[in-house]
Protein chains: 2
Amino acid sequence: MKLTKAIKDKSQGKYKYAEQAHILVAVDCIIFGYDGDELKILLIKRALEPAKDQWSLMGGFIEANENLYGAAERILHTLTGLEEVYLEQLKAYGDPERDPFERTISVAYFALIDINKYKEQINDAYQAKWFLINEAPKLIFDHEKMVEKAKNRIRYKAAFHPILFELLPRKFTIPQLQNLYEQVYNAKIDNRNFIRKVNSTGLLIKLAEKDKSSSKRGAFYYKLDLNKYKAKFSSFINFIPNPENFIL
Amino acid sequence: MKLTKAIKDKSQGKYKYAEQAHILVAVDCIIFGYDGDELKILLIKRALEPAKDQWSLMGGFIEANENLYGAAERILHTLTGLEEVYLEQLKAYGDPERDPFERTISVAYFALIDINKYKEQINDAYQAKWFLINEAPKLIFDHEKMVEKAKNRIRYKAAFHPILFELLPRKFTIPQLQNLYEQVYNAKIDNRNFIRKVNSTGLLIKLAEKDKSSSKRGAFYYKLDLNKYKAKFSSFINFIPNPENFIL
DNA sequence: ACAAAAGTGTTATAATTACACCCATGT
DNA sequence: ACATGGGTGTAATTATAACACTTTTGT
C-alpha cells in the first residue's frame with residue numbers, strides 16, 4: 001500500500017488516505033446448479049431501469065460491515081435462500097468502462113448448488129431463471145466474460161479436485177455424477193474407466209437404495225464420505241482423462 | 001449487478017447508483033525474483049507515517065483511467081522500471097478491518113521477474129529490498145496472507161504449467177532451473193528424472209555455451225523455445241512428482 | 001588423483017487407456 | 001424375449017519413481 005498521501009484526520013485522530021478516488025465496489029455471483037440431469041446457471045432479469053429486461057448475474061454492492069465473501073453470501077442468500085453452499089472468489093473486474101453507468105469494481109464469486117434441494121426457496125422478486133449452461137442469453141456489462149471464466153475455473157479445478165460433488169444432492173448415482181462431468185467438459189467419458197476412478201478415490205459410500213428413474217435395472221445411490229471428502233479435497237486426483245485443452 | 005438504487009443524474013443524463021458507499025480500491029504486488037541462485041521477494045520499507053519503518057508490499061490506489069491489471073503494471077513499473085513481465089491477479093482482499101486507517105479493498109497481483117536483468121533499475125525512493133523467500137520480515141495489514149497465497153498459487157500452477165521460466169534469464173542452465181523448482185517446493189528433486197521431464201516438454205533449446213560458475217565441468221546453457229512455450233503454456237505437464245500436499 | 005557437479009541409462013512399479021462382456025429389470 | 005442402461009474384468013500401453021554409474025575439469 002502506497003501511503004504517502006495519508007493525512008491525519010483531526011476529528012478522529014486517525015490517519016486517512018487523502019485525495020484518492022473512492023469507487024463503488026460490487027459483488028456478482030455466478031450460480032451453477034445441477035438437477036441430476038442438466039447443468040444450469042441462474043440469472044436474473046432486470047425489472048427496473050436502467051438496463052430493464054436485460055439478463056444479468058445476481059449482484060449487489062458491498063456494505064460497510066461485511067467482507068467480500070460475506071457480501072457474496074448475502075447476495076446468494078437473498079436470491080436463493082441458500083446458506084453454506086460452495087462459494088469461491090473468481091476474479092476482480094475493474095475496467096473503467098465495464099459499467100456504463102458509473103465506474104464500479106466487481107468481485108465475481110461462483111457458487112455450486114444442488115437445484116433439487118433448493119429450488120423452492122428462490123426469491124421471485126428478482127425474476128430469476130435457470131438456463132442450460134450452453135443456452136444462456138446475452139448478459140449486461142462484462143457478465144458473460146465472468147461466466148466464461150467461471151466455467152473455465154470449474155473445469156480446471158474439477159479435473160483434480162472433487163468440487164463437482166457440491167452440485168449433487170446428498171444421495172446420487174454414479175451415472176448422474178458421470179453425466180455431470182460430461183456436461184462440464186462437453187465430452188463423452190468411458191463409463192468403465194470413470195467408475196474405477198471414482199471408486200479409487202474412496203470418497204463414496206454405497207447405499208442400499210436404487211434410483212430406478214433412469215433405467216429398468218436401476219442405479220445404486222451413493223453418498224459422500226464427508227470426512228474423506230474434506231481430507232482429500234486439496235489433494236490431486238485425475239478425474240479427467242486428458243485435461244489438455246483448458247485455458248487457465 | 002443490483003441496480004435498484006440507480007437514479008438518473010440530471011446534469012449528465014446518465015444513470016448513476018445512488019446511496020451506495022464508495023470505497024478506496026488499491027492494488028498490491030507480490031514481486032518474486034530469482035537471481036539464478038535464490039528465490040526472493042521484493043518488499044518496500046515505509047519511509048513516512050503512518051506505519052513508518054514497517055515492511056510492506058508495493059502498492060497504490062487505482063486511478064480513474066486504468067483497469068486493475070494496468071494499475072498493477074504501473075505500480076510494478078514505478079518500483080522496478082520493468083515492463084512486460086509476468087503479472088497475474090491473485091485475489092481481492094476486502095475485510096472491513098484489513099486496513100486500520102480507512103476501509104480499503106485491495107486487489108493483489110503477483111509478478112515473476114529475473115532479478116539479474118533488472119536489478120539496476122530499481123527505484124531507490126521506496127527503499128526496496130529483496131528478501132529470501134523464507135526470511136521475509138513481518139508485513140503490514142494482511143500482506144503476509146497475500147504472500148502466502150501467492151506462494152501457494154505459484155506452487156499450484158507451476159506443478160502443471162511452465163510459469164517458473166518467467167523467473168529465469170534468457171539463457172539458463174538446467175541445474176539452475178532445478179534449483180528454482182526445489183526452492184519453490186522446498187524439496188529435493190531427483191536430477192535424473194527432472195532432466196528427462198524437462199526435456200520431454202520440448203520447450204528448451206540447447207546452446208553451445210556453458211556456465212562454468214557453479215562447477216568445474218560447467219553446465220550447458222539453454223533458452224526457451226518461445227513458440228512452443230506459448231503454445232504449451234496452458235497444457236498440463238506434470239513438472240512435479242507428487243503434487244499432493246498443496247492447498248488450493 | 002581427486003573432488004564436485006553434470007549428465008546418461010535401466011528397471012520396477014503404477015496409472016492410464018482401450019477394449020468386451022454380463023447383469024437386472026420393466027415392458 | 002428383448003431392449004436398455006448399469007456394472008465388472010482384462011490386457012496393452014504409457015508414465016512415473018527409484019536407483020548407479022560415467023564424464024568433465026579445476027585444483
Side-chain angles (χ1 to χ4, degrees), chain A residues 36-38 159-160 162 168 171-183 185 187-223 232 235-245, chain B residues 36-38 158-160 168 171-183 185 187-223 232 235-245:
Chain A
D37 183 35
E38 292 173 316
F160 302 109
L168 293 162
K171 58 182 188 182
F172 53 86
T173 68
I174 291 185
Q176 279 179 324
L177 180 64
Q178 182 178 338
N179 175 40
L180 175 56
Y181 273 88
E182 290 182 334
Q183 287 185 57
Y185 292 99
K188 281 281 159 217
I189 299 174
D190 184 289
N191 70 326
R192 299 160 288 193
N193 292 333
F194 183 80
I195 292 169
R196 181 173 341 102
K197 193 157 274 183
V198 168
N199 280 328
S200 76
T201 65
L203 254 38
L204 297 193
I205 299 168
K206 192 177 193 169
L207 304 178
E209 196 185 351
K210 275 187 168 185
D211 167 34
K212 297 258 190 175
S213 66
S214 61
S215 77
K216 294 157 188 167
R217 179 178 177 177
F220 278 105
Y221 278 117
Y222 287 78
K223 66 173 183 179
K232 283 203 171 186
S235 70
F236 282 74
I237 304 164
N238 275 294
F239 282 103
I240 292 300
N242 282 309
E244 278 300 321
N245 307 308
Chain B
D37 183 35
E38 291 173 316
F160 302 107
L168 292 163
K171 57 181 188 182
F172 53 86
T173 68
I174 291 185
Q176 279 179 323
L177 179 63
Q178 180 177 340
N179 176 40
L180 174 56
Y181 273 89
E182 289 181 335
Q183 287 184 57
Y185 292 99
K188 281 280 159 219
I189 299 173
D190 184 291
N191 71 325
R192 300 159 288 192
N193 292 335
F194 183 80
I195 292 170
R196 183 175 337 105
K197 193 155 277 185
V198 168
N199 280 328
S200 76
T201 64
L203 255 38
L204 298 192
I205 298 169
K206 192 176 192 168
L207 304 178
E209 196 185 351
K210 275 187 166 185
D211 167 35
K212 297 255 191 180
S213 66
S214 61
S215 77
K216 293 157 188 166
R217 181 178 176 178
F220 278 103
Y221 278 116
Y222 288 77
K223 66 173 182 179
K232 284 202 171 187
S235 70
F236 282 74
I237 303 164
N238 275 292
F239 282 103
I240 291 301
N242 284 309
E244 279 300 321
N245 307 308

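Note: hydrogens, waters and symmetry copies are ignored here, and every other heavy atom, side chains too, is used. We name chains A, B, ... by the order of the sequence lines, and we start the count at 1 in each one.
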Checklist entry - Taking the side chain as C-beta and beyond, is there a heavy-atom pair between L204(A) and I174(A) under 4.5 Å? => result yes

Next on the checklist: What is the distance, to the nearest angstrom, from the CG atom on D211(A) to the C1' atom on dG26(C)?
Outcome noted: 15 Å

Item to check | Minimum side-chain heavy-atom gap T173(B)-Y222(B) below 4.5 Å | outcome: no

Next on the checklist: Within residues 172-180 of chain A, which residues have any heavy atom lying less than 4.0 Å from an atom of DNA chain C?
Outcome noted: none

Checklist entry - Within the side chain of Q183(A), is there an N or O that forms a donor-acceptor pair under 3.5 Å with the backbone of D37(A)? => result yes

Next on the checklist: If you define the side chain from C-beta out and look only at heavy atoms, does anything of R217(A) sit under 4.5 Å from K210(A)?
Outcome noted: yes

Item to check | Atom pair CD1 (I195(B)) and CG (L177(B)), whose distance is rounded to the nearest 0.5 Å | outcome: 10.0 Å

Checklist outcome for this item: Here the distance between atom P of dA18(D) and atom CD1 of I195(B), to the nearest Å, is 17 Å

Item to check | K197(A) NZ to dG7(D) C1', straight-line distance once rounded to whole Å | outcome: 18 Å

Item to check | pair F220(A)-D211(A): side-chain heavy atoms closer than 4.5 Å | outcome: no

Checklist entry - When you check the side-chain N and O atoms of N199(A) and R196(A), is any donor under 3.5 Å from an acceptor? => result no

Checklist entry - Can you check the E182(B) CD to dA5(C) C1' distance for me, whole Å? => result 13 Å

Checklist entry - Rounded to the nearest 0.5 Å, how far does CG of L203(B) lie from NZ of K223(B)? => result 13.5 Å

Checklist entry - Taking protein heavy atoms under 4.0 Å as touching, what does nucleotides 19-27 of chain D look like 5' to 3' if B marks base contact, S marks sugar-phosphate-only contact and - marks none? => result BB--BBBB-

Checklist entry - Taking atom P of dT8(D) as reference, at what distance in whole Å does atom CG of N199(A) sit? => result 7 Å

Item to check | Interatomic distance where CZ belongs to F194(A) and P belongs to dG7(D) [whole Å] | outcome: 12 Å

